[in-house]
Amino acid sequence: MAKRFYEVIEVKSGVPVDFLVLDSLVDPKRYALVKEWNGEFELRRVTAKSGELTEKMIEWYEHYRNEFWDRGEQIGSVGVDSGMLMIADPCYVKEATDSKCEEIFKQVDNESKSAQILNSYCLGFEPGYGDGIYDVYAKRDRNGHIIKIEIDLE
């Protein structure tokens with residue numbers, strides 16, 4: 001089936017925010033309606049005329065490549081000495097007594113090697129390589145707020 005290429009444009013700023021490939025039978029206006037964009041975004045068709053399509057595909061490839069590979073800034077590291085790592089709300093850490101830790105280990109010892117624990121306020125999991133020191137990276141939004149954390153467990 002033939003494809004059509006579109007940039008998603010934020011109407012208020014006029015800035016392209018995404019790149020889409022749709023089947024030629026998909027009505028772009030209907031697509032925008034289904035996505036519930038409510039006039040905040042619109043689709044601008046990108047055609048093969050004068051190399052525009054190739055240029056835009058390269059631009060978006062570079063954008064997503066950088067987005068995927070850019071880990072952000074290293075904000076620290078985390079040590080694993082129990083064979084398990086836990087991401088938790090600090091107010092629930094006090095509940096992690098020795099007996100509770102044994103219960104957590106049992107919950108995490110499953111096929112996925114992970115479990116929601118302590119009333120789902122914590123996530124426990126086994127890093128693939130066990131004990132060690134692992135680097136932690138953060139991505140920030142334009143206001144400096146952390147919006148993504150990556151722990152390099154390799």
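Remember, it's a predicted structure, so these values are computed and weren't measured experimentally.
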Under 4.5 Å between side-chain heavy atoms, chaining through other members, with only Ile, Leu, Val, Met, Phe, Trp and Tyr counted: pull out the rest of the cluster around I149, sorted by chain and number. I75, V78, V80, L85, I87, L123, F125, Y129, Y134, V136, I146, I151, L153

Considering all heavy atoms, the nearest G72-Y137 contact: O-CD2, 3.9 Å

Name every donor-acceptor pair, under 3.5 Å, that has one atom in a side chain of residues 34-44 and the other anywhere in the protein, sequence neighbours excluded.
{"from": "R44", "atom 1": "NH1", "to": "E52", "atom 2": "OE2", "distance (Å)": "3.1"}
{"from": "R44", "atom 1": "NH2", "to": "E7", "atom 2": "OE1", "distance (Å)": "2.7"}

What donor-acceptor contacts under 3.5 angstrom involve side-chain atoms of residues 21-28, with partners at least two apart or in another chain?
{"from": "D23", "atom 1": "OD1", "to": "K3", "atom 2": "NZ", "distance (Å)": "2.4"}
{"from": "S24", "atom 1": "OG", "to": "A2", "atom 2": "O", "distance (Å)": "3.4"}
{"from": "D27", "atom 1": "OD1", "to": "K29", "atom 2": "N", "distance (Å)": "3.3"}

With sequence neighbours excluded, residues passing side chain to side chain donor-acceptor pair (under 3.5 Å) with Q116: none

N110: which residues meet the side chain to side chain donor-acceptor pair (under 3.5 Å) condition with it, sequence neighbours left out? S112

Minimum heavy-atom distance between F105 and M84, given as atom pair plus value: CE2-CB, 3.9 Å

Sequence-distant partners of Y121, ring-ring contact (aromatic ring centres under 6.0 Å, His included), two or more places apart: Y92

Treat each ILVMFWY residue as a node, draw an edge where side-chain heavy atoms are under 4.5 Å apart, and state whether M86 and V108 are in one component. yes

Output for pair (R45 CZ, L53 CG), nearest 0.5 Å, gives 9.5 Å

Apart from V11 itself, what residues make up its hydrophobic cluster when side-chain heavy atoms of I, L, V, M, F, W and Y under 4.5 Å apart count as a link, directly or indirectly? none

Y61 side, atom OH; T54 side, atom OG1 - distance, nearest 0.5 Å: 15.0 Å

So, using side-chain contact (heavy atoms from CB on, under 4.5 Å) as the criterion, who are the partners of S77 when residues are at least two apart? I133, D135

Qualifying salt bridge (Lys or Arg N to Asp or Glu O under 4.0 Å) pairs with a residue from residues 109-133, counting only residues at least two apart or across chains: D109-K113

Membership question, hydrophobic clusters at under 4.5 Å side-chain separation (ILVMFWY): are V17 and Y31 in the same one? yes

Taking V8 as the starting point, is it possible to reach F5 by hopping between hydrophobic residues whose side chains are less than 4.5 Å apart? no

Check P127 against G83 and note the closest heavy-atom contact, atom names and distance. CD-O, 3.6 Å

